[in-house]
Asker: 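Okay, handing you the structure first.
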Amino acid sequence: MESWQEIPYSVSSNTTDLTIGFISSAVAVVLFGSNFVPVKKFDTGDGMFFQWILCAAIWIVSLIVNLIQNSPKFWPLAMVGGFLWATGNVTVVPIVKTIGLGLGLLIWASFNLLTGWASSRFGWFGIDPEEVRKPVLNYIGAALSVFSCIIFLFIKSEVENSSLSSESSPLLREQSINSSEYRVENRRDVSWVDNLSPLGRRMVGCFLAMIAGIFYGSSFVPVFYIKDHGRRNGTIYTGASQFDLDYVFAHFSGIFLTSTVYFLLYCAAMKNNPKVYPAAIIPGIIFKQMQRPYSNL
């Protein structure tokens with residue numbers, strides 16, 4: 001009798017979780033799909049300054065979430081996931097400049113999906129393998145994802161070089177204005193990808209998109225590792241929270257720390273003369289603060 005009475009509650013709970021999962025996925029698709037719109041709308045140069053602004057906005061969001069959650073325990077291992085995410089994020093601007101946002105998003109999203117599926121399905125990196133009721137359908141879905149990813153690699157994309165096209169017809173005709181010194185100064189937004197051949201741009205863009213997808217897809221593995229080992233006795237993570245939002249601050253702190261280290265290394269490589277684009281600051285902060293809180297629910 002007791003087991004019979006528990007069935008309706010269990011079914012109702014599973015239905016609610018499934019509904020929440022699909023709604024959250026839909027929201028994440030929309031927000032992640034528009035995540036890097038500012039990259040197309042504003043000058044971002046080589047992307048190092050822009051990615052640092054995005055990650056700073058991410059950390060601000062995590063601080064707010066941490067205060068709402070009453071500052072749950074900080075697990076340093078979760079920062080490793082932030083390192084992986086930030087490393088993938090560094091490649092986004094070169095990807096957009098070489099193969100475009102549409103194709104780049106398709107490729108890195110596919111590799112993101114496959115990496116996340118494989119790590120959870122087979123229990124990679126020490127996490128518990130996920131059991132599915134119909135393994136055949138699960139493998140068919142993964143195979144279709146692999147097939148679609150292969151197709152994406154053959155899609156042709158044409159990316160306009162706005163920095164070069166804007167110089168083809170100078171606005172001012174005076175000789176002093178159109179001197180070589182002015183042209184060099186006016187081309188400060190030209191990055192290393194602008195010097196690549198069309199084939200080179202495509203190869204670099206597709207390769208970086210695959211790398212970004214792998215890093216994105218494995219960025220939450222450390223959090224899953226902590227949660228899985230938190231259910232076991234005799235580990236340093238025993239009793240760790242099973243609520244994902246409790247790891248947001250540690251994860252996003254890893255993102256901001258890694259991004260800052262990359263930006264400092266970039267400044268050193270540029271001999272303390274980095275390419276900074278003030279017009280990209282507010283758009284980057286607004287877009288990230290609108291999207292990151294919802295995409296991780």
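These figures come from a predicted structure and were not determined experimentally. As a basis for the values below, the full set of heavy atoms in this structure was taken, side chains included, without hydrogen atoms, waters or symmetry mates.
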Asker: Looking just at side-chain N and O atoms, do Y247 and S241 make a donor-acceptor pair shorter than 3.5 Å?
Answerer: no

Asker: If we only count heavy atoms from C-beta on, is the V136 to Y139 side-chain gap below 4.5 Å?
Answerer: no

Asker: Please tell me whether V204 and L199 are part of a single hydrophobic cluster in this structure, the criterion being side-chain heavy atoms less than 4.5 Å apart.
Answerer: no

Asker: For F207, what residues pass the ring pair (Phe, Tyr, Trp, His ring centres under 6.0 Å) criterion, not counting sequence neighbours?
Answerer: none

Asker: To the nearest 0.5 Å, tell me how far N138 CG sits from E130 CD.
Answerer: 8.0 Å

Asker: Can you name the closest pair of heavy atoms from A209 and G104 and give their distance?
Answerer: CB-O, 4.1 Å

Asker: Could you tell me if the side chain of R232 sits less than 4.5 Å from the side chain of Y237, heavy atoms only?
Answerer: no

Asker: Test of understanding: with side-chain contact (heavy atoms from CB on, under 4.5 Å), list the residues that count as partners of T238, not counting sequence neighbours.
Answerer: N233, T235

Asker: Only one of W85, F74, F220 forms a ring-ring contact (aromatic ring centres under 6.0 Å, His included) with H251, so which one is it?
Answerer: F220

Asker: Please check if the number of heavy atoms outside M270 that lie under 6.0 Å from its CE is greater than 12.
Answerer: yes

Asker: Quick check for you: to the nearest 0.5 Å, what is the distance between I214 atom CD1 and L84 atom CG?
Answerer: 11.5 Å

Asker: Go through the steps to decide whether T87 and Y262 satisfy the test side-chain contact (heavy atoms from CB on, under 4.5 Å), and finish with yes or no.
Answerer: CA-CA 9 Å; T87 302; Y262 285 155; 2.9 Å; yes

Asker: Write down the atom of L208, the atom of T91, and the distance for their closest heavy-atom approach.
Answerer: O-OG1, 3.9 Å

Asker: For the backbone of G200 and the side chain of S197, can you confirm whether one donor and one acceptor N or O come within less than 3.5 Å of each other?
Answerer: yes

Asker: Out of curiosity, I127 CD1 to K227 NZ, how far, rounded to the nearest 0.5 Å?
Answerer: 10.5 Å

Asker: Return yes when atom CZ of F152 has more than 12 non-hydrogen atoms of other residues, nucleotides or ligands closer than 6.0 Å, and no otherwise.
Answerer: yes

Asker: For F249 and W59, take the angle between the two ring planes, folded into 0 to 90°, and tell me which bin it lands in: parallel under 30, tilted 30 to 60, perpendicular over 60.
Answerer: tilted

Asker: Does any part of the side chain of N89, heavy atoms only, come nearer than 4.5 Å to the side chain of S259, both counted from C-beta?
Answerer: no

Asker: So, do W117 and F122 have ring centers that fall under 6.0 Å from each other?
Answerer: yes

Asker: Would you kindly confirm whether I20 and V65 end up in one hydrophobic cluster when ILVMFWY residues are joined by side chain heavy atoms under 4.5 Å apart?
Answerer: no

Asker: Atom CD1 of I99 and atom CZ of R202: how far apart are they, to the nearest 0.5 Å?
Answerer: 7.5 Å

Asker: Taking the side chain as every heavy atom from C-beta outward, state whether T260 and F263 have any pair of such atoms under 4.5 Å apart.
Answerer: no

Asker: Can you tell me if D246 and W75 form a side-chain donor-acceptor pair at under 3.5 Å?
Answerer: no

Asker: Is any side-chain heavy atom of F125 closer than 4.5 Å to a side-chain heavy atom of S119?
Answerer: yes

Asker: Are the side chains of T115 and Y216 in contact, using a 4.5 Å heavy-atom criterion?
Answerer: no

Asker: Among residues at least two apart in sequence or on other chains, which ones pass side-chain contact (heavy atoms from CB on, under 4.5 Å) with I150?
Answerer: V146, F154

Asker: Determine whether M203 and I151 fall in the same hydrophobic cluster, where Ile, Leu, Val, Met, Phe, Trp and Tyr are linked whenever their side-chain heavy atoms lie under 4.5 Å apart.
Answerer: no

Asker: To the nearest 0.5 Å, how far apart are OG in S62 and CD in Q69?
Answerer: 12.0 Å

Asker: Taking all non-hydrogen atoms of both residues into account, name the closest pair between A142 and L114 and its distance.
Answerer: O-CD2, 3.8 Å

Asker: Flag yes if L264 and F256 sit in one hydrophobic cluster, no otherwise; membership is Ile, Leu, Val, Met, Phe, Trp, Tyr, and two members link when side-chain heavy atoms are under 4.5 Å apart.
Answerer: no

Asker: Supply the atom-to-atom distance I58 CD1 to I53 CD1, rounded to the nearest 0.5 angstrom.
Answerer: 11.5 Å

Asker: Indicate yes or no: at least one non-hydrogen side-chain atom of R121 is less than 4.5 angstrom from one of P135.
Answerer: yes

Asker: What about I236 and Y225, same hydrophobic cluster or not, with Ile/Leu/Val/Met/Phe/Trp/Tyr joined at side-chain heavy-atom distances under 4.5 Å?
Answerer: yes

Asker: Work out which heavy atom in I95 is nearest to a heavy atom in G205; give both atom names and the distance.
Answerer: CG1-O, 4.0 Å

Asker: Is there side-chain contact between F50 and K275, with at least one heavy-atom pair below 4.5 Å?
Answerer: no

